[in-house]
Amino acid sequence: MFQEMLQTLPQVIIDGLTLGSVYAVVALGYTMVYGILQLINFAHGEIFMTGAYIGTAVLLIILGMGFGSSIPSLLLLIIALVITALCTGLLGMGIERVAYRPVRRAPRLVALITAVGVSFILQDVVRIVAEILTGNYIVTGPSLFSKQITIPVSSFLSVFNDASLKVSFFIVLICAIGMMISLDFFVNKTKWGTAIRAVSMDRETAALMSINVNKVIAITFFIGSSLGGATGVLFAIQYGTIDPYIGFILGIKAFIAAVMGGIGNIRGAMFGGFLLGLIEMFASANLSLLTGGIFGAEYKDVFAFAILILVLLFKPEGLLGKAATEKV
Amino acid sequence: MKEKLSMLLQKKSVQITLFTLFIIVTSSALYFSQKSVVSFLLLLSSLLILYYMNLKVVTKWLIALGLLFILIPFASSGGPAFHSYMEVATMVGIYIAMALGLNIVVGMAGLLDLGFVAFFAVGAYSYSIFATSQASNFMPFGEYPLSGSTFWGFLIIGGIMAAIAGVLIGVPVLRVKGDYLAIVTLAFGEIIRIIFNNLDRPINFTNGAMGIASITPPNLFGLEIIYPNQYYFIVLFILLFTIFAVNRLEHSKIGRAWKAVRENEIAAQAMGIPLVKTKLLAFALGASFSGIMGVVFAAKQQFIDPTSFTLLESFTILVMVVLGGMGSVPGAILGAALVTILNLQVLTELTNWLNQLSLQGVITIPDALTPAKLQRFIFGVLLVIFAIYRTKGLIPAKNKKFDVEQIKERAQKKAAISNIGSNDTDRVQA
């Protein structure tokens, strides 16, 4: 049994890293918003999904104009990423302005309900637009970087099987890591990053220190949403087909990743994202093997949710978070 | 003129006359023109009008019972659409009971539960597994399917099973605060659905994604219950019991404890309210109403599969509660009725109408915009608008009013009596 698990390990690691990098960047958006507003932004998964659609649309439009084939596909990707990031960033700011700011002083429950409502609206609006434009709400993007590579792991270590991957794996991984590093730099080293950290520590005191709290919150939403949208583009390139309902469950899993790493902690979210991606892929490959065929790969979502519940029970502050005591 | 009109409308006799007229018109319209959905909806809305009339509570209840038990079934029985009307009314009843259950959890105890449909599923499956040959796959004794007369027992069993599920979910969840609770309950809802979807291996409990078909219909003293109008009365009885129970609960000690926990957990704890027990009770009671209706739903559909218990259903019930007003019993009833009728009648009728129009070439609506598909969008807009502009919903929750003067008077009387007593003792001592 152990032998078989080892055999699939290289493939599991590659798939896990791909999925994990998507989780990690989406988790960043959750964790930033939670850190600053103590609100689970349910709509964040939907922003990710919208990003996937906008990116696909941009790519399709550029390629459809005829001279697309003369542009190197890397440049094409960068154009799509930048446009999508701008659009979804503005979308996130708009959502904050319209739906979250009016209920900021209301009970927590109200804000959560608005968040759920916003995510429903986004799902359906994207579905309607996609269906009107293309006739079908399930959209397949152009295939960029789809060359298959086989890594001959078995040739130097015979216990492993070969692993195969698409070129887009590297793109996804590099882009995601790049985004995370630049975000980490932004939050820790720049003036606005300091302001974000100050507001998430104590909103009132930050306001007394002449920080424009509303502006900081808007910027947080912009950054979180643009990262989420850009990840959506990466997701669309890696997995090909997208539909309006990919965002919700993926968003919840990204939230689980954020909780695992310690909510409000940016490095924790990255760590939790990769960890969750690896665990989930490991589970879907080996669950039926481990349980003797009783539980199959279809239980991998249950597995992710069980992790959330376990983390909340035994280490609610997360793996990298600090335990917070409640002040009365 | 306007003042005069409102004065006139305030008068009891005028109200009663107008109300009777309204009922007569709508019910006869329904009886004689069977296809008129509008008159059916107007007849149902007479219950809402009744709620706002200047009558005694007992009178209102009596009139409402008369409407529900006699007039509505009779008026809609005039033709072939009878069963579809009764079907809609039955579904409305089922959803009202679920909304009342969720109202306890979300509205009264302030715990946002996004996986509420899981309890409905537990109730539905607990009947359908035993009322088909499914149970013989794992039960060592007994003969399955059980006969239809066990349905009545399963109403209670389904409620208890759902309550147990509620407690099981509640125990780990209640260590978690507010927002996490929403995510964890959502996760639990999905877990239960995935488990039901895959529990055909290694032992076939639920028949997986294929669903369970040909569930034994209930049996009342030898009478097989298969028609929607029969279920209508079953649902009505359960619903009346539910409303009664919820009303009693709201004004009991536990109901006040729920509201206290909702307003401020720490303060409630300081006043000696056991947090865990209170929250668990909210979960269990809310779940049990949903479980009972799950049993009815399974019997009525005679077929269930995991797709009836998706996330969207949970959110639909949440929309009902938010729309009607969190914590308000009449609100939950109104919200559930509105949303269910919107889903089952208004949207489908609109779709048919638009389809006809586009067939005649009057207007063409793109396929993406057909009303039946716009459910999510409508729900989203309703949630956002009500959360921002009308947090308290259509019928805001009211706390029981106490007459301050009366209480003061009573206190004074008491004080006076004890004063006299103490004066007497003074004199004796003097």
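Every chain is numbered from 1, with letters handed out A, B, ... down the list of sequences.
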Self-check item: Candidate pair A/Glu46 and A/Tyr245, rule side-chain hydrogen bond (donor to acceptor under 3.5 Å, both in side chains), full reasoning
Solution: CA-CA 8 Å; A/Glu46 260 54 61; A/Tyr245 310 113; over 6 Å; no

Practice problem: Applying side chain to side chain contact (heavy atoms under 4.5 Å, CB included), run through A/Met260 and A/Ile279 and close with a yes or a no. | Solution: CA-CA 12 Å; A/Met260 256 168 89; A/Ile279 290 176; 4.2 Å; yes

Quiz prompt | Derivation of the side chain to side chain contact (heavy atoms under 4.5 Å, CB included) call for A/Glu131 and B/Lys373 | solution = CA-CA 12 Å; A/Glu131 207 170 331; B/Lys373 282 188 180 177; 3.0 Å; yes

Quiz item: Can you list the steps and then say if A/Phe48 with A/Leu250 is a side chain to side chain contact (heavy atoms under 4.5 Å, CB included)?
Solution: CA-CA 9 Å; A/Phe48 160 85; A/Leu250 191 136; 3.7 Å; yes

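A/Ile309 touches chain B through its side chain: at least one heavy atom from C-beta onward sits under 4.5 Å away, while N, CA, C and O do not. Of the two parts of B/Ile169, neither the backbone nor the side chain holds a non-hydrogen atom closer than 4.5 Å to a non-hydrogen atom of chain A. Looking at A/Ile256, neither its backbone nor its side chain comes within 4.5 Å of chain B, counting heavy atoms on both sides. For A/Ile132, the parts sitting under 4.5 Å from any heavy atom of chain B are the backbone and the side chain alike. For chain A, the nearby parts of B/Val106 are the backbone and the side chain; heavy atoms of each come within less than 4.5 Å. In this structure, chain A has no heavy atom under 4.5 Å from any part of B/Ile378. Heavy atoms of A/Tyr137 lying under 4.5 Å from chain B are absent altogether. For A/Val259, the part lying under 4.5 angstrom from a heavy atom of chain B is the side chain only.
A side-chain donor-acceptor contact under 3.5 Å links A/Tyr100 and A/Asn41. For A/Asn136 and A/Thr134, the side-chain atoms include no donor-acceptor pair closer than 3.5 Å.
Heavy-atom pairs under 4.5 Å with chain A peak, among B/Val384, B/Leu383, B/Leu311, B/Asn198, at B/Asn198. Taking B/Phe379, B/Phe386, B/Phe315 one by one and counting their heavy-atom pairs under 4.5 Å with chain A, the maximum is reached by B/Phe315. Your options are B/Val322, B/Leu186, B/Leu111, and the one with the most heavy-atom pairs under 4.5 Å with chain A is B/Leu186.
Side-chain atoms of A/His44 come within 3.5 Å of backbone atoms of A/Val26 as a donor-acceptor pair (strictly under, hydrogens ignored).
Every residue meeting the side-chain contact (heavy atoms from CB on, under 4.5 Å) condition with B/Thr391, not counting sequence neighbours, appears here in chain and number order: A/Val110.
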